[in-house]
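Accompanying notes for the structure given below.
Letters A, B, ... mirror the listed sequences (proteins, then strands); counts begin at 1.
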Number of protein chains: 2
Amino acid sequence: MELKQVEKIAKALGDINRLKILQYMHQHDGRVECMELGNIINLAQPSISHHIKKLTEAGLIEPQKDGRYYLYTLNQTTWQEYVQAIQTL
Amino acid sequence: MELKQVEKIAKALGDINRLKILQYMHQHDGRVECMELGNIINLAQPSISHHIKKLTEAGLIEPQKDGRYYLYTLNQTTWQEYVQAIQTL
DNA sequence: TTAATCAATCGAAACTTTCGAATATATAAA
DNA sequence: TTTATATATTCGAAAGTTTCGATTGATTAA
């Protein structure tokens, strides 16, 4: 993994709300429904949307639309590549 | 490791210059002399000092003063704890 | 249709980060 | 001592991030 992508992922991880989202996902089969997020992080809906976008742009999660609802799934590959990258920096 | 410390370390890792410093250290027995840093990242001296401070505050590196010179050493423990923390988030 | 719901986008305010210029401090050399 | 060198600190400006209300678009239900 390029250093530039490590930087991008690290930036995405550098926020307590986004870490809480990811922690929740890890504890729930790598998934979370957008509607649940309000219970996990106590922020207004546009703020949640903003954090989701950061995580998506970093390649850490992937959105799946199901009707009106969104399901977000952890991208285990990106996650492992990041761990690998910093382990062997 | 607390989520708050994970956040702090991730923030410290979320900058290409700091990643370059850490990468260099990993490739050189976990050490770097302050004087070398100018060659690794092409920034003014106060900026280098600023980045070193961020890494120090995150607990990722430790300064050792030797006369006029500084030697920075990787804190392998913090590093491993961070890897561990995100691996098992 | 119309109304309700979920989520993205916009725009503005508050806050944080980044970096260089100037200044300060510490050590060493002359 | 005086001077030079290495590093830190402080300050201010520019850029970037976070937050949230208002708006918008998409989907579903009535």
Side-chain angles (χ1 to χ4, degrees), chain A residues 3-25 28 31-75, chain B residues 3-25 28 30-75 82:
Chain A
L3 217 53
K4 261 290 175 194
Q5 203 188 335
V6 174
E7 182 193 23
K8 187 160 197 176
I9 294 173
K11 273 194 166 110
L13 295 179
D15 178 281
I16 198 78
N17 294 303
R18 295 195 286 266
L19 284 174
K20 280 180 188 167
I21 293 172
L22 292 168
Q23 186 173 56
Y24 181 90
M25 292 177 81
H28 293 82
R31 292 150 176 279
V32 70
E33 287 167 32
C34 193
M35 285 297 288
E36 291 172 71
L37 291 172
N39 304 320
I40 300 161
I41 58 171
N42 198 25
L43 291 176
Q45 181 266 318
S47 303
I48 291 173
S49 197
H50 161 79
H51 288 303
I52 286 294
K53 194 175 179 186
K54 289 269 173 178
L55 291 172
T56 307
E57 283 171 356
L60 287 168
I61 65 173
E62 277 161 12
Q64 287 172 250
K65 198 171 187 181
D66 180 17
R68 250 188 307 196
Y69 302 85
Y70 268 92
L71 178 74
Y72 298 101
T73 318
L74 260 180
N75 187 331
Chain B
L3 217 51
K4 260 291 175 195
Q5 205 190 334
V6 174
E7 183 193 22
K8 186 159 197 176
I9 293 172
K11 273 195 166 111
L13 295 179
D15 179 279
I16 198 79
N17 294 303
R18 295 194 288 266
L19 283 174
K20 280 181 189 168
I21 293 172
L22 292 168
Q23 186 173 55
Y24 181 91
M25 291 176 81
H28 294 82
R31 294 148 175 278
V32 70
E33 287 166 32
C34 193
M35 285 296 287
E36 290 171 72
L37 290 173
N39 304 321
I40 302 161
I41 57 170
N42 198 25
L43 291 176
Q45 178 269 320
S47 304
I48 292 173
S49 194
H50 160 80
H51 288 303
I52 286 295
K53 196 175 179 184
K54 290 267 172 173
L55 292 173
T56 307
E57 282 170 357
L60 287 168
I61 65 173
E62 278 162 10
Q64 286 171 252
K65 198 172 186 179
D66 179 18
R68 251 190 302 194
Y69 303 85
Y70 269 90
L71 179 74
Y72 299 101
T73 318
L74 260 181
N75 187 332
Y82 173 72

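Within 4.0 Å of Asn17(B), counting heavy atoms only, lie sugar-phosphate atoms of the nucleic acid but no base atom. The residue Leu43(A) sits close only to the backbone: its heavy atoms come under 4.0 Å of sugar-phosphate atoms, none of a base.
Tyr69(B) has its side chain out of reach of Glu33(B): every pair of non-hydrogen atoms, C-beta onward, lies at least 4.5 Å apart.
Exactly one residue among Val32(A), Ile52(A), Asn75(A) makes a side-chain contact (heavy atoms from CB on, under 4.5 Å) with Ile61(A). That residue is Ile52(A).
For the pair Ser47(A) and dC20(D), the criterion of a side-chain N or O lying under 4.0 Å from OP1 or OP2 is met. For the OP1/OP2 pair of dA8(D) and a distance below 4.0 Å, the side-chain nitrogens and oxygens of Ser49(B) include at least one atom meeting the criterion. Phosphate contact (OP1/OP2 of dT18(D), side-chain N/O of Arg18(A), threshold under 4.0 Å): present. Between dC19(C) and His50(B), no contact under 4.0 Å exists linking OP1 or OP2 to a side-chain N or O.
Salt-bridge formation is not detected for the pair Glu57(B)/Lys54(B): no Lys NZ or Arg NE/NH1/NH2 atom is positioned less than 4.0 Å from an Asp or Glu carboxylate oxygen.
With the nearest nucleotide of DNA chain C identified for both Lys11(A) and Tyr69(B), Lys11(A) has the one nearer the 5' end.
For dA6(D), its base never sits under 3.5 Å from the side chain of Gln45(B) at any donor and acceptor pair.
Shown here is Asn39(B), whose CG atom has more than 12 heavy atoms of other residues, nucleotides or ligands within 6.0 Å.
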